[in-house]
Engineer: 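Below is the structure I would like to discuss, written out as structure tokens.
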Amino acid sequence: RMFQKNGDFSKSDLARMLQQPEAQALLARLQQLDQSALQAAVDRAFRGDTAGAKEALSPLLADSQVQQLSQQMRNGHGGI
């Protein structure tokens, strides 16, 4: 797993993670559900507003496909 014990990861870890099929599918699904909410979350995350990013993504996380892909990634099938 790429994540450190405290949950931090490097930019190279993130780049590797985003190349995984599950991450690609997750991003595609999030874009399909609500492109503007996804963009708002990314913008907030880049500004360091992690709480705002989580809030923007919150409605999208109720989607069953998003939940399934997220679980696969947490279980190590997405390279993280």
Side-chain angles (χ1 to χ4, degrees):
R1 296 178 78 88
M2 285 184 197
F3 288 113
Q4 307 288 324
K5 189 170 188 167
N6 64 3
D8 292 339
F9 54 98
S10 70
K11 288 181 183 180
S12 63
D13 291 338
L14 180 59
R16 276 194 305 264
M17 180 193 70
L18 291 175
Q19 293 175 4
Q20 298 301 315
E22 291 87 351
Q24 293 291 317
L26 179 59
L27 287 173
R29 180 63 180 162
L30 291 170
Q31 288 175 335
Q32 180 184 31
L33 290 171
D34 190 340
Q35 176 77 32
S36 62
L38 180 59
Q39 187 61 52
V42 170
D43 291 344
R44 290 173 181 179
F46 276 116
R47 290 194 314 262
D49 180 9
T50 55
K54 288 177 185 179
E55 181 182 330
L57 285 177
S58 181
L60 305 178
L61 300 179
D63 180 76
S64 62
Q65 189 175 354
V66 168
Q67 291 175 3
Q68 180 183 15
L69 290 164
S70 297
Q71 185 63 46
Q72 288 174 359
M73 292 177 68
R74 279 192 297 276
N75 290 338
H77 300 291
I80 58 173

Engineer: Return the minimal non-hydrogen interatomic distance between Gly52 and Arg44, and the atom names on each side.
Structural biologist: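 The pair with the smallest heavy-atom distance is O-NH1, 3.0 Å.
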Engineer: Under 3.5 Å, side chain of Glu22 to main-chain N/O of Ser70, donor-acceptor pair present?
Structural biologist: no
Engineer: Quick check for you: to the nearest 0.5 Å, what is the distance between Ser64 atom OG and Gln68 atom CD?
Structural biologist: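 The distance works out to 7.5 Å.
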Engineer: When rounded to the nearest 0.5 angstrom, what distance separates CG in Leu26 from CD in Gln31?
Structural biologist: 10.0 Å
Engineer: Closest heavy-atom contact between Pro59 and Ala56?
Structural biologist: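 That closest heavy-atom pairing would be CD-O, 3.5 Å.
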Engineer: With sequence neighbours excluded, what pairs up with Gln19 under the side-chain contact (heavy atoms from CB on, under 4.5 Å) test?
Structural biologist: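 So Gln19 forms no side-chain contact (heavy atoms from CB on, under 4.5 Å) with any residue.
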Engineer: To the nearest 0.5 angstrom, please state how far the CG atom of Asp63 sits from the CZ atom of Arg29.
Structural biologist: 4.0 Å
Engineer: Between Lys54 and Ser58, is any pair of side-chain heavy atoms under 4.5 Å apart?
Structural biologist: no
Engineer: For the residue pair Gln67 and Ala62, what are the closest heavy atoms and their distance?
Structural biologist: NE2-O, 3.4 Å
Engineer: What pair of heavy atoms forms the shortest contact from Leu38 to Leu27, and how long is it?
Structural biologist: CD2-O, 4.2 Å
Engineer: Rounded to the nearest 0.5 Å, how far apart are CG of Asp34 and CG of Leu57?
Structural biologist: 10.0 Å
